[in-house]
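Before any comments, here is the structure.
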Amino acid sequence: MREFPSFTTHLECSATGARYPADVLHGLSRAGKPLLVRYDLEAMRRAISRDEFARRMEGGFWRYRELLPVRRSANVVSLGEVATPIIPAPAIARLHGARELLVKDEGRLPTGSFKARGLALAVSMAKELGVRRMAMPTNGNAGAALAAYASRADIESWVFCPEDTPEINVREMAHAGAHVFLVNGLINDCGRLVAEGKATMGWFDASTLKEPYRIEGKKTMGIELAEQLGWRLPDVIFYPTGGGTGLIGMWKAFAELEALGFIDSGRPRMVAVQAAGCAPVVRAWQEGREHAEPWSNAHTIAAGIRVPAAIGDFLILRAIRASGGFAIAVEDEAIAEARAEMARIEGLLLCPEGAATYAAWRVALASGRVSPHERSLLFNCATGLKYPLPAAGRKIDCRRPVDFASLAVAAN
Ligand SMILES: Cc1ncc(COP(=O)(O)O)c(C=O)c1O
């Protein structure tokens with residue numbers, strides 16, 4: 001990969017605006033809030049253009065290198081990232097009387113989820129800054145991405161997940177070389193263990209938003225979708241929200257793209273989708289609060305959005321409000337049903353979190369919060385293949401004559 005100019009100027013506390021130097025290792029700000037990477041956007045504006053991005057055919061989100069914090073190409077840790085497709089769902093749109101519905105399918109990335117974006121950046125920056133051991137709490141996909149990218153970079157990874165994390169994720173993490181621990185609690189309990197153990201174990205804490213670079217990786221979803229849609233953003237974006245890094249990251253991307261003159265000041269309405277069994281952001285949005293109270297007894301089949309308390313809650317809520325969007329919760333039954341409907345009608349196998357966005361879109365459309373003339377985009381954040389599916393298949397005895405006509409009858 002060739003050397004690109006670097007435009008990072010400093011890091012900034014997302015709550016107080018205090019400045020922090022780039023090129024040194026950081027966790028949270030002194031105020032205990034996430035740090036955001038800032039760039040010299042004026043200089044970047046003179047150096048790059050939309051056409052220049054268009055000319056770069058390869059490299060997935062690394063095509064936007066100037067907008068990313070890695071300084072040296074040698075530190076880029078890559079597993080063959082791709083630009084994920086935006087797939088129209090015309091039959092589903094018709095079924096619900098809408099003009100258009102789009103699905104951005106993040107399941108095509110290495111390790112099968114959008115966590116590859118964040119962890120590619122976090123691990124590349126860890127390599128650049130000399131980290132040898134990383135640890136994080138995870139609901140599955142983030143840990144799998146950390147394990148893969150860290151192994152690729154010859155960095156140790158330690159992951160702590162709730163004991164009911166999907167089995168495939170647990171095995172995937174271990175297979176990719178991580179030290180994996182199953183914890184009899186939720187992701188925030190796992191996060192506490194990482195925080196408590198890091199001094200003794202020499203871990204760099206790579207928890208969502210507790211290090212500044214995962215968000216820069218997730219930001220590329222916003223850049224990529226803008227470019228794919230001809231630099232015209234959709235009217236509404238439905239995002240399955242756990243820690244909220246993707247939603248916050250896309251919101252940051254849109255501001256940077258506007259400063260570069262790549263897009264105008266129009267913004268999509270950002271919709272945070274949560275499960276009814278764990279909806280702290282929805283509750284805070286409904287109550288008009290700046291922060292979300294932790295959710296007790298969190299439960300949902302959509303493991304990735306089972307996050308009872310998010311450190312970036314105020315950033316999620318700000319982005320939703322500034323965009324004129326909203327937060328919405330859907331029941332697990334609606335998620336499972338939406339997942340089946342999308343697969344049956346469009347052939348798209350969503351993950352449960354992705355299916356939650358489709359379930360939410362249906363409700364929002366029916367209630368008039370989204371108009372049938374608007375262009376909505378759903379995020380499917382992981383391949384559906386990582387999650388359990390209902391049992392299927394009928395047995396046939398191939399040693400006996402088969403009454404084929406009866407197969408169709410029995411199927412109906
Ligand atoms: C498939 C999937 N969707 C959504 C999320 C939530 O992502 P975020 O932390 O950006 O809110 C996760 C997080 O684990 C996930 O794995």
Side-chain angles (χ1 to χ4, degrees), residues 34 84 103-109 111-119 121-122 136-146 159-162 165-166 168-170 172-173 186-188 190-191 206-211 213-222 237-253 270-275 278-282 292 295 298 300-313 315-317 319-320 327 330 335 339 349-360 378-388:
T84 62
V103 179
K104 186 150 173 70
D105 189 5
E106 294 284 294
R108 321 290 177 99
L109 284 161
T111 72
S113 87
F114 70 155
K115 297 285 178 184
R117 296 182 188 266
L119 273 306
L121 261 295
M136 66 151 63
T138 176
N139 277 325
N141 288 322
L146 172 67
V159 288
F160 297 79
C161 49
T165 298
I168 184 73
N169 286 125
V170 176
E172 183 188 4
M173 292 186 258
L186 294 177
I187 190 157
N188 47 327
C190 300
S207 307
T208 303
L209 291 172
K210 286 192 184 166
E211 66 77 59
Y213 303 112
R214 284 174 66 177
I215 184 172
E216 293 302 295
K218 289 279 195 79
K219 182 180 89 177
T220 64
M221 295 190 294
I237 291 180
F238 284 78
Y239 184 78
T241 305
T245 337
L247 195 147
I248 301 165
M250 283 192 278
W251 196 244
K252 184 171 188 285
M270 304 298 285
V271 179
V273 178
Q274 299 201 300
C278 181
V281 170
V282 179
W295 191 270
T300 167
I301 55 167
I305 51 175
R306 194 177 57 168
V307 178
I311 190 155
D313 54 0
L315 297 173
I316 305 170
L317 287 158
I320 299 173
V330 284
I335 295 177
R339 189 173 181 223
L349 182 56
L350 306 178
C351 61
E353 298 81 355
T357 66
Y358 171 41
L378 313 179
F379 263 90
N380 181 49
C381 295
T383 167
L385 290 171
K386 282 200 192 188
Y387 298 81

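Whatever order the structure lists them in is the order used to number ligands and atoms, beginning at 1.
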Sub-4.0 Å heavy-atom contact, Thr241 with ligand 1: yes

Answer yes or no: is there a donor N or O on one side and an acceptor on the other, between the side chain of Lys115 and the main chain of Gly143, under 3.5 Å? no

Counting non-hydrogen protein atoms only, what is the nearest one to atom 9 (O) of ligand 1? Give residue, atom name and distance. Gly243 N, 3.1 Å

To check your reading of the model: name the closest protein heavy atom to atom 10 (O) of ligand 1, its residue, and the distance in Å. Tyr239 OH, 2.6 Å

Would you check the N or O atoms of Lys218, main chain and side chain alike, for any that come under 3.5 Å of an N or O of ligand 1? yes

Given 3.5 Å as the limit, does a donor-acceptor pair link the side chain of Arg214 with the main chain of Ala206, or not? yes

Geometry only, no angles: is Ala382 polar-contacting ligand 1 at N/O separations under 3.5 Å? no

If the plane angle is over 60° it's perpendicular, under 30° parallel, otherwise tilted; pick one for Phe114 and Tyr239. tilted

Please confirm whether Lys115 comes under 4.0 Å of ligand 1, counting heavy atoms of the residue only. yes

Is there a side-chain contact between Leu146 and Val159, using heavy atoms and a 4.5 Å cut-off? yes

Check whether any N or O atom of Tyr387, backbone or side chain, sits under 3.5 Å from an N or O atom of ligand 1, and answer yes or no. no

State, with a plain yes or no, whether a side-chain heavy atom of Leu350 is found less than 4.5 Å away from one of Leu378. no

Can you tell me if Gly244 contacts ligand 1 (heavy atom of the residue under 4.0 Å from the ligand)? yes

List ligand 1 atoms under 4.0 Å from Gly246, heavy atoms only on the residue side. 10 (O)

Is the closest N or O pair between Ile305 and ligand 1 shorter than 3.5 Å? no

Proximity flag Pro240 to ligand 1, non-hydrogen atoms under 4.0 Å: yes

Basic-acidic side-chain contact under 4.0 Å: Lys252, Glu216: yes

Quick one: nearest non-hydrogen protein atom to atom 12 (C) of ligand 1, plus distance? Gly304 O, 3.5 Å

Under 4.0 Å, counting heavy atoms only: does Phe114 come that close to any atom of ligand 1? yes

Residues in side chain to side chain contact (heavy atoms under 4.5 Å, CB included) with Ala309, at least two apart? Pro294

Under 4.0 Å from a heavy atom of Gly242: which atoms of ligand 1 are those, numbered in the order shown and with their elements? 6 (C), 8 (P), 11 (O)

Numbered atoms of ligand 1 (with element) below 4.0 Å of Asn141, judged on heavy atoms: 1 (C), 15 (C), 16 (O)

Can you find a heavy atom in the side chain of Ile248 that is under 4.5 Å from one in the side chain of Ile316? yes

Residues that Lys386 engages under salt bridge (Lys or Arg N to Asp or Glu O under 4.0 Å), provided they are two or more places apart: Glu172

Backbone N or O of Ala382 within a donor-acceptor pair of the Asn380 side chain at under 3.5 Å? yes

Test of proximity, Thr245 against ligand 1: N or O pairs below 3.5 Å: yes

